[in-house]
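Notes to accompany the following structure.
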Amino acid sequence: MAEIRSVVQQVLGQLGASREARHYLGQFSGTDSMRFAVVKVGGGVIEQQLEALASALAFLRNLGLMPIILHGAGPQLDAALEEASIVTVKHDGLRVTTPEVMEVLRPVIYRANRAIVSALEEQGVRAQGIQHGVFECDFLDKDLLGLVGEVRRVDLEAIREAVNRSVLPVVACLGESATGQVMNINADIAARELIWAVKPHKIIFLTTTGGLLDESGRVISAISLRTDFANLSSQPWVHSGMLLKLQQIDQILAKLPDSASVSVTSVDNLARELFTHRGAGTLIRKGEAIIELGKFDDETRQRAATLLEQSFGRQLKPGYFDSLELECVLSSESFGAMAIVLKGVDGIPYLDKFAVTPEAQGAGLGAAVWQVLVNRCTRLYWRSRIDNPITQWYYEQADASYTQDRWVAFTKGVHDFDQIRRCKDDCLGREESWQEQRHVR
Ligand code: ARG
């Protein structure tokens, strides 16, 4: 244990605040070591980044975490079939698997499986290839698809046995019928079935792109399905492949506890994704509803105070909540992200506080509250300290800003010049809600 702790300190110290890293390590090392993560490795990663893959997995193993690895071999198979001059036919994305295709497919999958196992062992990590005995299948549609399996039962015995011996299981997406006929299973379907059987805390998709990409090819940091799904589906740049992926992920998460999350990331970013709040990749969660409170009661007041004081690192003045003329309060269900909006000048809502914990930020809840906020309040104004890191982001959200001393005033959706001025004067003239800081640095 002491040895592991020093590894954590050494390696994770470089990743960010090591407190952050320990927080996640604590979360991931639950009582049942089977349930840390299912890692699905794309064929492209096996082809191009085998060594880096093995060292990223070895890193997890050295922290005492036992990911269950599942892989396909799509690109390798395409190449092998082409070489054998066999034409690939697909129905709804499923590869028609004739006996000739199966003849090529089986050795290709075995080879990919062995490649991962050997790469891990080269890093000094004990690993076991599990090519059979996990997915018991029926024919999905024998006439149309041939030897394509529909998973009927997942047998976790071999995997559990490996994990218990601290050997990393590397599972291939092959199945068998009850009578032992080997069947091809689409890797996404195999992943889904395995995940449902294991119910892991984390689901990790390792890809060469390192996440889901937005319109300009940048990785989308977080998607909260509950609040972002509809919005994303209507974006013209979201292509059908990405929608399908999101639908699959939605379907997977629907059968898992709310705490489960999917991370789509690259081999090189895996550690950063797992052990920092901010992550490096795309985090997808079911997400939380954003609720609107008309007023604070004792309980919500207490939770709001905790969130505000923690995220601003200061103490609220006594009586802060009593003096508020509330327009509305928007909060994520867990109170990790919250906007407190007051009645302002000319009937324009004044955003008095916007607070988000680092974890909620990583989960995309800050952005979700903000979205609901700007839909609810089409006109809005607020202020921010010039040295507050969020100020930069506010510039992108606002349509007008005004800097005075240590403050920046912002407006959004206010078009009348006099009104903008009144908003600015009002917010810059407002009293502080925080107590004097005793220790000024
Ligand atoms: N480390 C946390 C996790 O793996 C948060 C990751 C946040 N990632 C992101 N791409 N926003 O659950």
Side-chain angles (χ1 to χ4, degrees), residues 8 11-30 33 35-41 56-57 59-61 63-69 195 198-214 216-229 231-232 242 245-246 249-250 252-253 256-288 311 332-334 336-337 356-371 389-390 393:
V8 179
V11 190
L12 300 186
Q14 296 158 14
L15 283 174
S18 67
R19 194 152 48 100
E20 206 171 315
R22 276 211 208 100
H23 165 85
Y24 286 108
L25 184 60
Q27 224 177 64
F28 300 150
S29 11
S33 45
R35 294 191 45 202
F36 156 50
V38 169
V39 181
K40 187 191 155 207
V41 181
L57 295 172
F59 171 70
L60 297 179
R61 174 66 194 85
L63 293 174
L65 300 171
M66 296 291 294
I68 299 170
I69 300 135
I195 290 162
V198 174
K199 299 204 187 318
H201 199 78
K202 287 292 307 186
I203 296 141
I204 301 165
F205 290 100
L206 291 178
T207 66
T208 46
T209 48
L212 299 181
L213 306 181
D214 72 7
S216 43
R218 275 182 312 209
V219 169
I220 303 171
S221 167
I223 296 174
S224 155
L225 290 168
R226 197 135 159 195
T227 41
D228 300 339
F229 193 77
N231 182 33
L232 275 172
M242 175 155 160
K245 200 100 273 124
L246 282 176
I249 290 174
D250 188 44
I252 290 176
L253 286 177
L256 299 181
D258 288 354
S259 56
S261 64
V262 173
S263 283
V264 185
T265 185
S266 67
V267 160
D268 294 332
N269 285 335
L270 178 61
R272 198 178 297 278
E273 169 63 17
L274 287 177
F275 296 103
T276 64
H277 292 314
R278 190 184 285 258
T282 306
L283 180 82
I284 303 149
R285 302 187 66 160
K286 258 187 251 177
E288 294 177 21
S311 50
S332 70
E333 273 175 312
S334 65
V356 186
T357 64
E359 271 195 280
Q361 173 96 30
L365 292 171
V369 168
W370 187 266
Q371 197 56 49
I390 198 179
W393 185 78

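It should be emphasised that the depicted structure is a prediction, and the values quoted were computed from it without experimental measurement. Indexing begins at 1, ligand by ligand and atom by atom, following the structure's order.
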For H277, atoms of ligand 1 separated by under 4.0 Å from a heavy atom: 5 (C), 6 (C), 7 (C)
Is any N or O atom of R278, backbone or side chain, closer than 3.5 Å to an N or O atom of ligand 1? yes
Protein heavy atom at shortest distance from atom 3 (C) of ligand 1: K202 NZ, 3.3 Å
May I ask you to test the H277-Q361 pair for a side-chain heavy-atom distance under 4.5 Å? no
Among all protein non-hydrogen atoms, which one is nearest to atom 2 (C) of ligand 1, and what is the separation to 0.1 Å? Y24 CE2, 3.4 Å
Suppose we screen for side-chain contact (heavy atoms from CB on, under 4.5 Å). Which residues come up paired with S221, at least two apart in sequence or across chains? none
Nearest neighbour in protein (non-hydrogen) for atom 6 (C) of ligand 1: E273 O, 3.3 Å
Heavy atoms, side chains only, cut-off 4.5 Å: are I223 and V262 in contact? no
Contact (N/O only, under 3.5 Å) between L274 and ligand 1: yes
Look up atom CG in L365 and atom CD in E359, then write down how far apart they are to the nearest 0.5 Å. 10.0 Å
Between F28 and F36, does the ring centre distance come in under 6.0 Å? yes
Check: G281 N/O within less than 3.5 Å of ligand 1 N/O: yes
Within-4.5 Å side-chain heavy-atom neighbours: Q371 and T227: no
Nearest-contact summary for atom 11 (N) of ligand 1 - protein heavy atom, Å: G362 O, 2.8 Å
Side chain, backbone, both or neither: which applies to T265 and ligand 1 if a contact is any heavy-atom pair less than 4.0 Å apart? neither
Part of E359 within contact of ligand 1 (heavy atoms, under 4.0 Å): neither
Atom 5 (C) of ligand 1 - nearest protein heavy atom and its distance: T276 O, 3.5 Å
F205: ring-ring contact (aromatic ring centres under 6.0 Å, His included) partners, not counting sequence neighbours: none
For I195 against I252, the heavy-atom pair lying closest together: CG2-CG2, 3.7 Å
